[in-house]
J.: 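Okay, handing you the structure first.
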Amino acid sequence: MKRLSIIALFALTLISSAFASKTGNPDFKGLESFNKAFPQATEIVYKVTDKFTEVNFTWHNMKLQAFYDLEGNSIGTSRHIAVKDLPLSYLLNIKREYPGYEPTETIEFDHTDSGLSYYVTVINAQKAYVLEVSSDGTISVFKKMKN
């Protein structure tokens, strides 16, 4: 069974273009803001696209991603979390709305404007989805995938 991880999904839908380090690319307009928000960040790699900048880094032993618009304003931050660490009510609602599907991966995304949401990959023998669970618990299909 072929699975596409959520990180790969984000990479396919959000990423392209150049790599740089913390001291490098002047195209990253949010660099000063990033350094202020995450002063102890290490292993920093960022990608500037024609729509946004994605920063992958380690902070306090956590692998994180931060996203900035082209003006350098924060869009949000994300991290992988274990499925078992989803709020229980969200997990129960997913199981109820998608019976026969198994949650396999989860990304927690803290959007600067709309707050916390989760992206959960669920699969069964025939189908796979990435679900978006908003802060109010609403579940919607973010992406349909092939198994």
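Note that the structure is predicted; figures quoted are calculated from it, not measured.
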J.: Taking D69 for the side chain and N73 for the main chain, is one N or O donor matched with an acceptor at less than 3.5 Å?
T.: yes
J.: Any chance the rings of F57 and F34 have centres within less than 6.0 Å?
T.: yes
J.: Are the side chains of L92 and I94 in touch, meaning some heavy atoms are under 4.5 Å apart?
T.: no
J.: I'd like to check the salt bridge (charged side-chain N to carboxylate O under 4.0 Å, His left out) partners of E43; sequence neighbours left out, ordered by chain and number.
T.: K63
J.: Under 4.5 Å between any side-chain heavy atoms of Y118 and P87, yes or no?
T.: yes
J.: Please report the C-alpha distance between Y129 and Y101 in whole Å, then the side-chain angles of each, then the deciding distance to 0.1 Å, and finally whether the side chain to side chain contact (heavy atoms under 4.5 Å, CB included) criterion is met.
T.: CA-CA 9 Å; Y129 297 104; Y101 284 81; 3.3 Å; yes
J.: Does any pair with a residue in residues 78-98 pass salt bridge (Lys or Arg N to Asp or Glu O under 4.0 Å), and if so which ones, sequence neighbours excluded?
T.: R79-E108, K95-E102
J.: Any side-chain heavy atom of Y90 sitting closer than 4.5 Å to one from T106?
T.: no
J.: Do I75 and L70 belong together in a cluster built from hydrophobic side chains that touch within less than 4.5 Å?
T.: no
J.: Decide whether S134 and S117 meet the rule of one side-chain donor and one side-chain acceptor closer than 3.5 Å.
T.: no
J.: Are side-chain heavy atoms of H80 and E105 found at a separation under 4.5 Å?
T.: yes
J.: Taking V55 as the starting point, is it possible to reach M62 by hopping between hydrophobic residues whose side chains are less than 4.5 Å apart?
T.: yes
J.: Can you confirm whether M145 sits close enough to T121 that some side-chain heavy atom of one is under 4.5 Å from a side-chain heavy atom of the other?
T.: yes
J.: So Y46 and N56, do their side chains get closer than 4.5 Å, heavy atoms only?
T.: no
J.: Please examine the side chains of F28 and Y68, heavy atoms only from C-beta on, and report whether any two atoms are closer than 4.5 Å.
T.: yes
J.: Under a 4.5 Å side-chain heavy-atom rule over Ile, Leu, Val, Met, Phe, Trp and Tyr, are I139 and V83 clustered together?
T.: yes
